[in-house]
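Beneath this line is the structure, given in structure tokens, with notes to follow.
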Number of protein chains: 2
Amino acid sequence: MKTSSCASCLLKSKAVVNLAEQELTVLGKSCVEAVFEKGDTIFKQDALSSNIIYLQTGLVKLLVKGPQRTQILRLKKAPCYLGIPTTMGDKINHYSAVAIEKTTACFVDINTFKELIRINPDFSYEIIVELCRNELEQFNRCVKLVQNQVFGRLATHLLDLSDNIYQSNQFDLPLNRSEIADLVCSSRETVSRLLSDLAKESIIDINGKHLKIIDKSRLEKISEKG
Amino acid sequence: MKTSSCASCLLKSKAVVNLAEQELTVLGKSCVEAVFEKGDTIFKQDALSSNIIYLQTGLVKLLVKGPQRTQILRLKKAPCYLGIPTTMGDKINHYSAVAIEKTTACFVDINTFKELIRINPDFSYEIIVELCRNELEQFNRCVKLVQNQVFGRLATHLLDLSDNIYQSNQFDLPLNRSEIADLVCSSRETVSRLLSDLAKESIIDINGKHLKIIDKSRLEKISEKG
DNA sequence: ATAAAAGTGTGATATAAATCACATTATTCT
DNA sequence: AGAATAATGTGATTTATATCACACTTTTAT
């Protein structure tokens, strides 16, 4: 870990690009950069948090360990902020963040973050925009969970990986079958079966972790209807 | 509907109390107040929105009509804002808001709202705090949906009505059985059965819409475990 | 290289809760 | 007031999907 020179950072957030030189100095003084390898925990459920986290590069999973099952709430791809609601709120992490690819992240002290909100309206504005986008995304997830059954949810997440995370119709799944189950709120066995079904129908081609989407339009139909 | 004098309003939001006199005048010029009776729609899913809505008094339900079922996303009690993420985002309402009690609301033009964010950091700060609280609440709802089965979710919502909405251990349900089903993501019949079961166990006393919580600690246990 | 551990696929069974069906009770309307 | 309509309760049946059980495969460790 090292204190960063935010002014010279090439991976500024949409909010941070609005900061003046002097404000960047303020930020730099309480901003610490860290690198996480695949599998590393960035922060842990139930731990106290007094930092906002900005993901510069990489991919993480947000997960909740509940009494019944573990849920992967969502995958978050850099660039984005993590932990704003928690750190602005009750300061106790409601979920853990674990890197599923090599990830670089900046830890920003909450007081500095609040100070920047106080002094720079353009900064605040971008934070508000990000919070709003998050809320709509989470909303969609929650609606999908109720409206669709497992087949549809699985299809939705495969499309999300293809369209938003990897921007390619073939990629290596960053999660094993059990984690995919946690992501689509189902069981390992069901996910295994449904992936086989999709392959039998020639909608996808799957070989271990390598996945190729063959018939995207049918997958989209399943995502909507199923 | 009438253009309001925001300066003299006794129901200012936590954000608005930070506004200076001149800023209140700006707000007042593009702020329209309206009264909604029980059952009235405040805004409709799929419609365009260029207003932020501030609920001064009352109670509303937010609902999504999906292909499979209707969901009541949540009840929102005044004072609170509605529609910030939508109006800041793609401007299309992802859900409807319907008054379930007499409700008064202010419609604020999005450009005025953005202007206030730009000129008053304390205003922005309070908006950020409200967005953060919303995100955590929605998060909890989503986790509960997966971790608990219907019995637990029903108990959770009864407690929410008692603790947060009515602040009393007896009240009239603002929703019929079918709407309660939409709220707990279940079916009318199941809700009906489970309410009877709770009554049989002397955990609640229910007579039509009137509900009295008799054994709160057992209800809390069901809410956590069930 | 071999053993141990972790991950995966697939059939059989169990289960929570939806759906169906219909009787009963409220509420609304003329 | 009486008819029509909506809301509710409750049993029977169905269904999606979890869970169990176990074989097979891949990865990791010694």
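All values below come from the heavy atoms of this structure, side chains included, with hydrogens, waters and symmetry mates left out. Just so it is clear: chains get the letters A, B, ... in the order the sequence lines come, proteins before strands, and each one is counted from 1.
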In whole angstrom, give the distance that lies between atom CG of A:L198 and atom P of C:dG9.
12 Å

I'd like to know if A:D163 and A:K216 make a salt bridge, using a cut-off of under 4.0 Å between side-chain N and carboxylate O.
yes

Taking 4.0 Å as the cut-off, does a side-chain nitrogen or oxygen of B:S178 come that near to OP1 or OP2 on D:dA7?
no

Using the side-chain contact (heavy atoms from CB on, under 4.5 Å) rule, take A:V60 and A:L75 through it: C-alpha gap first, then chi angles, then the decisive distance, then the call.
CA-CA 6 Å; A:V60 306; A:L75 305 182; over 6 Å; no

Using atom CZ of B:R177 as one end and atom P of C:dT24 as the other, report the distance to the nearest whole Å.
19 Å

Counting side-chain heavy atoms from CB outward, which of D:dT10, D:dA18, C:dT8 is closest to B:S192?
D:dT10

Whole Å only: how far is the CG atom of B:L194 from the C1' atom of D:dT8?
14 Å

Give a yes or no on whether the backbone of A:K221 and the side-chain of A:E224 come within a donor-acceptor separation of less than 3.5 Å.
no

Taking CD from A:E179 and P from C:dG7, how many angstroms apart are they, rounded to a whole number?
8 Å

Exam field: side chain B:S223 to backbone B:L219, donor-acceptor pair closer than 3.5 Å
no

d(CZ, A:F151; C1', D:dT17) in whole Å:
14 Å

Spacing between A:L145 atom CG and D:dT17 atom P, to the nearest angstrom:
11 Å

Is the backbone of A:C9 close enough, under 3.5 Å, to the side chain of A:K12 for a donor and an acceptor to pair up by distance?
yes

What is the separation between atom CG on A:D182 and atom P on C:dT8, rounded to the nearest whole Å?
12 Å

Detail all sub-3.5 Å separations between protein N/O atoms and N/O atoms belonging to nucleotides 19-23 of chain D.
residue: D:dT19; atom: O4; partner: A:R193; partner atom: NH2; Å: 3.0
residue: D:dC20; atom: N4; partner: A:E189; partner atom: OE2; Å: 3.3

Given atom CG of B:D197 and atom P of D:dT8, what is their separation to the nearest angstrom?
17 Å

Can you check whether A:R177's main-chain N or O pairs, donor with acceptor, with A:R188's side chain at less than 3.5 Å?
no

